[in-house]
Amino acid sequence: MRSHRCGELRAEHIGQDVELAGWAWRQRDHGGLVFVDLRDSSGLAQVVISPEVAGDIHNHAHAIRNEYVLRVKGRVRRRPEGTANPNLPTGEVEIEVHRLEILNECKTLPFLIDEGPEPSENLRFRHRYLDLRRPSVQNHLVARNRIVSHIRSFLDHEGFIDVETPVLNRSTPEGARDYLVPSRVNPGSFYALPQSPQLFKQILMVAGFDRYYQIVKCFRDEDLRADRQPEFTQVDLEMSFVSEEDVMGLTEAMIRHVFRQLLEKEIGEIPRLPFRDALERFGSDKPDLRFGLELRDMADLVRNSSFKVFLDTLGRGGRVKAICVPGISGYSRKDMDVLTEEAQGYGAKGLAWIRVKDTGFESPIAKFFPEETLKAMAARMEATAGDTMLFVADQPAVVAETLSRLRGSLARRLGLIPEGEYRFAWVTEFPLLEWDEELGRHQAMHHPFTAPVDEDLERLESGRREDLDAVRARAYDLVLNGFEVGGGSIRVHRADVQERMLGVLRIGPEEARDKFGFLLEALQYGAPPHGGLALGLDRLVMLMVGASSIRDVIAFPKTQKAVCPLTDAPSRVDPKQLRELHIRLDIPGD
RNA sequence: GGAGCGGUAGUUCAGUUGGUUAGAACGCCGGCCUGUCACGCCGGAGGUCGCGGGUUCGACCCCCGUCCGCUCCGCCA
């Protein structure tokens, strides 16, 4: 149908007869001359239809509308002196049309396929086939493909084997809510879609595959966010006879490879940040390291004051921490009130502040502190004239949450975040377990198959709550610009430790045997030490292309209500289908 | 489940203390135009102001409810 692609035509093609096909991106109809920018996936080419060359074609040319599908035959020629378009790769040439064929017409568009202001996401996704015609959107998927292909070639080269695992699985306890699929041939029984291929990849290690990977869809029936939707893609990998260092080292090499290939960026050594430090310094286990504004503990200095709010908080086991924000000492009292409201929105009871000026300190609470304490505070925060120190006093979790979010929102507002920068970190030494107030027991922070640090094994045995709280996991998260883009661990490879772990989670021997007896059994047949990691591909791609939502890098995304606007999934089904599955609906108010 | 913001022409948005006929830009339709490239010029059509109820002489505007979208909390081993 075509001899060339629109975007590839250059001066070297001048004089050649070519055939092109594509969409009418824009028409400039002068009554006499008609210009059409013809677009295909490679780019744009200007075709010119003039009455002298072909009178009858010229009449048809007036009928061309936006997004008509055209095929043209003609000769490439240099554009006349002074009419070249330096903004187009094909701008030196144009095609003098000898034959024009309208392959298909196009209804009036629901929105402009342009790079101007975007229509609502809902409309874009309902007509995703039009939205995806925009080069900028298409480029996201092109980039995604490149990233995947670099990851594959890297892992293939490293000796990893891609093995497919089942999509119809057993439902397992713990973790996110499962998507369930009823089994017709087993009435009353359900499959669960995988939250990740976790158990299968461990089984593959027992089977001796040594190095496994898969780029695979995972499903979690939880509420959506800008960086979360119910089906998402993981780069899942697992290795045998490895330590944390091996998995992190390999992942780093892979990340380095992908960034070099796609963005021509060098990712240096990725720093390690123990969980505890991350929480202390940034108030978050996925800190954005592109800017400072670190949290500092002020408890010892605050004790030397008469400020009751702080003292009481410390007395109740709370904490007093602060961040130092540069250049906002000019904020008015009203501005500070707005900031305080923001902090309260994050859970804090209030926000205390001290302005640092050439002339001294300004603050409603300054009077409670001796001058040398104020100076010591400023020194600890490395605050200089023009800065403002923001204090939060509360229970530890509230202090961390509030200051972490304040830190992020102020950095964004003040333009402290450098564009185009990628700051990775490994967050390590996570707690193995987390106390769940509601359930009255511990939960696995990562998942129940994560190995404890060897030295902490005794504490796991003890079973006392404080001991269990202190057990560290051999787990690691990969964090990029404030997003968790990956996580993994060294797994339990001994059946006795695994059983102990399940015991701590109050999963009795019977339930354990029922829910994942197959894994416990497999671990008894010479399971090698092993570990691995999963990368969130959608998030990684989102960050690499500079998108602000994973929906921008997913071809057919779902809305916040987990609906696909294109197909209107999910939908009601025919009662016959339900009868076959022995399912009766019981919907309140239906 | 909760909080915030939004829903007005095909699209992106504006809309006066509640007051006659709800506007702009782009798009669309018609006409003119032989060097444009966001072509230009002239003319035109196009509105259930998300939906339902209430207050009022009168509602895009105020109140209540509801639906949808986005962001966040909860949730996300």
Side-chain angles (χ1 to χ4, degrees), chain A residues 25-38 44-53 58 61-62 65-67 79-88 90-91 94 96 106-127 130 172-178 194-196 198-199 218-230 232 341-342 344-347 401 405 408-409 430 432-434 436 438 442-450 473 475 484 487-489 501-502 505 507 516 534 536 548-549 551 558-561 563 565:
Chain A
W25 174 250
R26 227 171 239 130
Q27 317 80 251
R28 291 173 295 279
D29 186 343
H30 288 222
L33 278 182
V34 178
F35 298 96
V36 178
D37 290 336
L38 197 65
L44 292 179
Q46 172 167 283
V47 304
V48 188
I49 302 137
S50 64
E52 300 88 59
V53 176
H58 183 254
H62 298 301
R65 296 286 178 272
N66 270 332
E67 297 301 305
R79 292 195 187 185
E81 192 66 32
T83 64
N85 184 346
N87 302 319
L88 275 184
T90 60
E94 62 189 12
E96 169 191 289
C106 179
K107 281 175 51 171
T108 298
L109 297 162
F111 54 86
L112 290 187
I113 299 179
D114 213 326
E115 299 299 341
E118 289 196 336
S120 74
E121 277 197 351
N122 204 30
L123 194 65
R124 288 173 53 205
F125 296 158
R126 179 149 72 238
H127 303 277
L130 297 178
T172 50
E174 307 282 306
R177 198 174 294 116
D178 282 323
Q195 296 184 24
S196 87
Q198 183 59 36
L199 296 173
C218 299
F219 305 87
R220 292 175 193 176
D221 186 5
E222 300 293 352
D223 286 340
L224 291 84
R225 292 284 187 280
D227 63 348
R228 241 165 61 188
Q229 68 151 39
F232 59 99
E341 269 172 49
E342 185 179 340
Q344 285 165 340
Y346 300 147
E401 168 84 4
R405 295 186 61 177
S409 99
F430 278 89
L432 183 70
L433 301 160
E434 224 174 0
D436 187 316
E438 218 172 295
H442 281 92
Q443 288 243 54
M445 190 155 178
H446 197 55
H447 57 55
F449 318 105
T450 299
E484 180 195 327
S489 63
M501 180 72 184
L502 294 174
L505 300 174
I507 297 173
F516 21 67
S548 51
S549 150
R551 293 185 296 273
K558 298 211 165 27
T559 67
Q560 201 163 43
K561 297 228 17 172
V563 166

query: Partner of B/G30 by Watson-Crick or G-U wobble geometry, both contacts under 3.5 Å, or none?
result: B/C42
field: Nearest heavy-atom neighbours spanning A/Pro110 and A/Leu123
entry: O-CD2, 4.1 Å
message: Would you measure the distance from the C1' atom in B/C57 across to the matching atom in B/G18 and give it in whole Å?
response: 12 Å
- request: Searching all strands shown, indicate the nucleotide that pairs with B/C37 (Watson-Crick or G-U wobble; both distances under 3.5 Å).
  value: none
task: For residues A/Lys558 and A/Arg551, report the shortest heavy-atom separation together with the two atoms involved.
output: O-CD, 3.5 Å
Of A/Glu118 and A/Val48, the one whose closest RNA chain B nucleotide lies more 5': A/Glu118
- prompt: Donor-acceptor pair, A/Arg65 side chain versus A/Thr108 backbone, under 3.5 Å?
  reply: no
field: Heavy-atom pair with the smallest gap, counting every atom of A/Gln443 and A/Glu174
entry: OE1-OE1, 3.3 Å
Nucleotides 65-72 of chain B: which of its N/O atoms have a protein N/O under 3.5 Å away?
unit_1 : atom_1 : unit_2   : atom_2 : d
B/G69  : OP1    : A/Thr559 : OG1    : 3.2
B/C70  : OP1    : A/Gln560 : N      : 3.2
B/C70  : OP2    : A/Gln560 : N      : 2.9
B/C70  : O3'    : A/Arg551 : NH2    : 3.0
B/U71  : OP1    : A/Arg551 : NH1    : 3.4
B/U71  : OP1    : A/Arg551 : NH2    : 2.5
B/U71  : O4     : A/Gln560 : OE1    : 3.4
B/C72  : OP2    : A/Ala226 : N      : 3.2
B/C72  : O2'    : A/Arg405 : NH2    : 3.2

task: Please state whether the rings of A/His447 and A/Phe449 are parallel, tilted or perpendicular, taking 30° and 60° as the class boundaries.
output: tilted
field: Complementary nucleotide of B/U11, counting Watson-Crick and G-U pairs under 3.5 Å
entry: B/A25
query: So what does A/Pro80 hit on the nucleic acid, given a heavy-atom distance under 4.0 Å: a base, only sugar-phosphate, or nothing?
result: base
- request: For A/Arg79, answer base if it contacts any base atom (sugar-phosphate contacts may also be present), sugar-phosphate if it contacts only those atoms, and nothing otherwise; contact means non-hydrogen atoms under 4.0 Å.
  value: base
field: A/Asp37 side chain, from C-beta outward: closest of B/U12, B/C37, B/G35
entry: B/C37
task: Could you check which nucleotide pairs with B/A59 in any of the strands shown, counting Watson-Crick or G-U wobble with both distances under 3.5 Å?
output: none
message: To the nearest 0.5 Å, what is the distance between CG on A/Leu33 and NE2 on A/His58?
response: 7.0 Å
Whole-angstrom distance between B/C64 and B/A59, as gauged at atom C1': 15 Å
Who pairs with B/C70 - Watson-Crick or G-U, where each distance is under 3.5 Å: B/G4
query: Roughly how far apart, to the nearest Å, are B/C60 and B/G43 at atom C1'?
result: 30 Å
- request: Could you say whether the aromatic ring of A/His30 and the base of B/U36 stack, counting only centre distances under 5.5 Å and plane angles under 30°?
  value: no
field: Integer angstrom distance from the C1' of B/C28 to that of B/G52
entry: 33 Å
Rounded distance (Å) that lies between atom C1' of B/C73 and atom CZ of A/Arg228: 11 Å
- request: Round to a whole Å and report the spacing from CG of A/Leu33 to P of B/G40.
  value: 17 Å
task: Take atom CD of A/Glu67 and atom P of B/G10, then tell me their distance rounded to the nearest Å.
output: 20 Å
task: Could you check whether A/Leu44 gets within reach of a base, just the sugar-phosphate, or nothing at all, counting any heavy atom under 4.0 Å?
output: nothing
statement: Between the CD atom in A/Gln229 and the CD atom in A/Gln560, the distance rounded to the nearest 0.5 Å is 11.5 Å
Distance, P atom - from B/C49 to B/A9, rounded to whole angstrom: 10 Å
field: Atom pair distance, as rounded to whole Å: NE2 in A/His447 and C1' in B/C76
entry: 15 Å
Identify the pairs formed between an N or O of the protein and an N or O of nucleotides 25-28 of chain B at a distance under 3.5 Å, and give each distance.
unit_1 : atom_1 : unit_2  : atom_2 : d
B/C28  : OP1    : A/Asn66 : ND2    : 3.2

statement: Under a 3.5 Å limit on both distances, the Watson-Crick or wobble mate of B/G18 is none
query: Considering only the C1' atoms, how many Å lie between B/C61 and B/G1, rounded to the nearest integer?
result: 32 Å
- request: Would you indicate what A/Glu94 reaches in the nucleic acid, counting non-hydrogen atoms under 4.0 angstrom: base, sugar-phosphate, or nothing?
  value: base
- line: On a heavy-atom basis, the closest approach of A/Gly32 and A/Pro51 is O-CD, 3.7 Å
- request: Kindly give the heavy-atom pair with the smallest separation between A/Gln195 and A/Phe232, and that separation in Å.
  value: O-CZ, 4.2 Å
- prompt: With no hydrogens and no angle check, is any side-chain donor or acceptor of A/Glu222 less than 3.5 Å from a backbone partner on A/Arg177?
  reply: yes
- line: CG (A/Asn87) and CG (A/Leu44) are apart, to the nearest 0.5 Å, by 11.5 Å
query: For the pair made of CG in A/Leu88 and P in B/U36, what is the distance, rounded to whole Å?
result: 15 Å
query: With both distances under 3.5 angstrom, what nucleotide forms a Watson-Crick or G-U wobble pair with B/G65?
result: B/C51
- request: Look at all strands and tell whether A/Thr172 reaches a base, only sugar-phosphate, or nothing, counting heavy atoms closer than 4.0 Å.
  value: nothing
task: In whole angstrom, give me the gap between the P atoms of B/U17 and B/C63.
output: 16 Å
message: Rounded to whole Å, please give me the gap between CG in A/Asp221 and C1' in B/C76.
response: 11 Å
- request: Could you tell me whether the side-chain ring of A/Phe111 sits stacked on the base of B/U11, using a centroid cut-off under 5.5 Å and a plane angle under 30°?
  value: no
- prompt: What distance, rounded to whole Å, do you find between the two P atoms, one in B/G15 and one in B/G7?
  reply: 10 Å
message: Between A/Asp37 and A/Arg28 (salt bridge meaning N to carboxylate O under 4.0 Å), is one present in this structure?
response: yes
- request: Can you see which heavy atom on A/Arg220 is nearest to which on A/Ser196, and at what distance?
  value: NH2-CB, 4.2 Å
field: Any donor-acceptor N/O pair under 3.5 Å between B/C37 base and A/Asn85 side chain
entry: yes
- prompt: Mapping A/Phe449 and A/Glu401 to their closest nucleotides on RNA chain B, which lands nearer the 5' end?
  reply: A/Glu401
statement: Atom CD of A/Gln46 and atom P of B/C39 are separated, to the nearest Å, by 11 Å
message: From OH of A/Tyr346 over to C1' of B/A3, roughly how many Å is that when rounded to an integer?
response: 13 Å
message: Please determine whether a side-chain nitrogen or oxygen atom of A/Arg28 lies at a distance below 4.0 Å from atom OP1 or OP2 of B/U36.
response: no
